[in-house]
Every structure is written in structure tokens, then in C-alpha cells.
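The chains referred to below are lettered A, B, ... by the order of the sequence lines, with proteins before strands, and numbering in each begins at 1.
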Protein chains: 2
Amino acid sequence: MVERSPSVLDLTYAALADPTRRDILQRLRRAEARVTDIARPLPMSLNAVSKHIAVLERAGLVQREIRGRDHFLRAEPARLTEAERWIAEYTGFWERRADALAAHLETYPENPAAEGQA
Amino acid sequence: MVERSPSVLDLTYAALADPTRRDILQRLRRAEARVTDIARPLPMSLNAVSKHIAVLERAGLVQREIRGRDHFLRAEPARLTEAERWIAEYTGFWERRADALAAHLETYPENPAAEGQA
DNA sequence: CGTACGTTCCACCAAGTGGTTGAATGTTTT
DNA sequence: AAAACATTCAACCACTTGGTGGAACGTACG
């Protein structure tokens, strides 16, 4: 087998494919937290959570800062742009958006946003 | 174990996590195709491709129409909206967009788009 | 110091994945 | 009817995943 290492996109989508990990990301979106804090409300062992965090970290979706015995985690939302872009391009987001813009300009040919502003 | 059935989001992201399957989707975005057509350029057996297609189908990302002995597949891009929305909400897309809108309205208080349009 | 705490590492297990080959099923063609 | 074609099904294999429990390691605190 060729055994290629998985791409960023592979890691990102795989990380997002688990509800526990999406949960962890949502929690980290509000504020940074320690591993134990994240694990407390979850219905599984601390070890399992530690593994989930490792998956998110490998995908670059969270970053870890070790302060003493605590590992503080924070979300890295920028790492999702590639995943977002893939879907957007696939679904033709930009084409639809271009159509909408064209329609808009046709309706409002003198929209000030289309001209240099004061 | 609780053995919950995987959510749509789970299935969607899991389906997208494999480069072969993203490849298949891109190919189907242009035009419908038969299983064999999809398999031909791919470096694996027809059976393997058939399995990948099954994964995409289970996630609702492709739909199958059987005509005689041929199975024609077509992409179902609408099924990605939920996945797209999750990322967008997570990354704060709408908040950023709201900020941009507010700034825009402040700059152009009489922008026709802000009033009921004809 | 010794003990508690926070986290990971290790070994294990059941289930899933991504691939293979070969057989089976159904359809079209000759 | 027989052969070729399109596709899936079934069994198998190596590897990964998501969970467990216990040991280990480093840090903080009495």
C-alpha cells in the first residue's frame, strides 16, 4: 500500500465527524479550558476525552498550552477555513453569490457600494 | 453502550473525510455517472469504489437511479448545507457578517437594500 | 518529605473502515 | 440459451477508532 499521510482536509473532517468532538469545540469556542473541565460533563472517562482532544489537536483545531500541571486548550477556528472552502466551492457558493450580485446590480445600478465612497 | 445511530452531521463529515470520496463527489458535481465510470480512473477495485459510493449514499450526498443494469449516480449538494452551517456558526461567520452589515449601514444609511425592495 | 492532583501512556477490547478476491444477481446482447 | 456486462454480496484481512482500566509522570501543596 502507498500509505500516504492524511491531508489536512482528511484530519479536519474526520475530527468533525464525532459529536463528542464537536461538543468539545463548541465548548472551547466560548473560553479556554483544561482537560478535566472539558471531561467533567461528558459521559465517558477522562482518558477517552484525552484521546478526543488529541484528535482535535492533530487536526490543528485546538491548541494546547501547558501551565504547570494544567493543560489549557483553546479553539483554533481559523483551521476550519479549508474545510469550509471545500464545501462552499463544491456547492457552488461563489457562483450563486456572483449571480446574486449580478441581480442586485441590475436592480440597483446606482448602489453607492458599487461606486467609490466619499 | 447506548448505541445511538449516527446523526446526519456525523455521516456527512465522515463521508467527506476520505479523499477518494471527495474525488467522487467532485466528479459527480459536473455530471451524473455510472459506478463503473467513477471507478475507472481510481486506483482500486470496483468493489472498493462501490463501498465508497454506499457511504456517500448513506450520508445522502449522492442519489442513485437504476436504469436497467446501470446505476446512475448524481450529487446531492443540498445535503451539505447542515455541515456548512455548523462550521459557519462555529467560526462566527454570522457574527462577522453582522458586524460587516452594521458597518455598511453606518457608512450608507440610505442604502436601498436596507429598505423594502421593489 | 509525602500526598493529592492533572494528564498522559500502555495494554486491552469490540466495532468499524478500507481494501482485497470470488461468487451471486440481474440485464443486455448475440 | 448462452455470453458479456454492471453491480452487489460475502468472506476475509490489516488497520483504525472509541471506549475501558491501571500505571506512570510531573506539578502543587500539606
Give the cluster check for B/Trp86 versus B/Leu11: same hydrophobic cluster or not, with ILVMFWY residues linked at side-chain heavy-atom distances below 4.5 Å.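 No, no single cluster joins them.
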
Expressed in angstrom and rounded to an integer, what is the separation of [X] atom [atom1] from [N] atom [atom2]?
| X | N | atom1 | atom2 | result |
| --- | --- | --- | --- | --- |
| A/Tyr13 | C/dT17 | OH | P | 19 Å |
| B/Arg69 | C/dT25 | CZ | C1' | 13 Å |
| B/Ile66 | C/dT25 | CD1 | P | 16 Å |
| B/Arg67 | C/dT28 | CZ | C1' | 15 Å |
| B/Leu11 | C/dG16 | CG | C1' | 13 Å |
| A/Asp70 | D/dA28 | CG | C1' | 9 Å |
| B/Asp10 | C/dT17 | CG | C1' | 16 Å |
| B/Phe72 | C/dT27 | CZ | C1' | 13 Å |

Give one of base, sugar-phosphate or nothing for B/Arg21, where a contact means two heavy atoms less than 4.0 Å apart.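 Sugar-phosphate: the residue B/Arg21, judged by heavy atoms under 4.0 Å, touches backbone atoms but no base.
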
Out of B/Arg67, B/Arg27, B/Arg64, which one pairs with B/Glu32 under the salt bridge (Lys or Arg N to Asp or Glu O under 4.0 Å) rule?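 Only one of B/Arg67, B/Arg27, B/Arg64 forms a salt bridge (Lys or Arg N to Asp or Glu O under 4.0 Å) with B/Glu32, namely B/Arg67.
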
Using every non-hydrogen atom in the two residues, find where A/Ala14 and B/Ala17 come nearest and quote the distance to one decimal.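 Closest approach of A/Ala14 to B/Ala17, heavy atoms only: N-CB, 3.6 Å.
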
Looking at every heavy atom in both A/Leu16 and B/Tyr13, which two are closest together, and how far apart are they?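 Residues A/Leu16 and B/Tyr13, closest heavy atoms: O-CD1, 3.4 Å.
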
Could you measure the distance from the NZ atom of B/Lys51 to the CE atom of B/Met44? Nearest 0.5 Å is fine.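 It comes to 11.5 Å.
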
Does a salt bridge link A/Glu82 with B/Arg22, judged by any charged N lying under 4.0 Å from a carboxylate O?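 Salt bridge: no.
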
Phosphate contact (D/dG19 OP1 or OP2) by A/Ser45 side-chain N/O below 4.0 Å: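 For A/Ser45, the contact criterion (side-chain N or O under 4.0 Å from OP1 or OP2 of D/dG19) is not met.
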
From D/dA6, C/dG6, C/dG19, nucleotide with atom closest to A/Arg34 side chain: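 Of the options given, the side chain of A/Arg34 lies nearest C/dG6.
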
Expected output is a numbered-order residue list: members of residues 46-53 of chain B with a heavy atom under 4.0 Å from any atom of DNA chain C. What is it?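 The answer is B/Asn47, B/Ala48, B/Lys51, B/His52.
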
Using salt bridge (Lys or Arg N to Asp or Glu O under 4.0 Å) as the criterion, list what pairs up with B/Arg34, not counting sequence neighbours.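 For B/Arg34, the residues satisfying salt bridge (Lys or Arg N to Asp or Glu O under 4.0 Å) (neighbours in sequence not counted) are B/Asp37, B/Asp70.
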
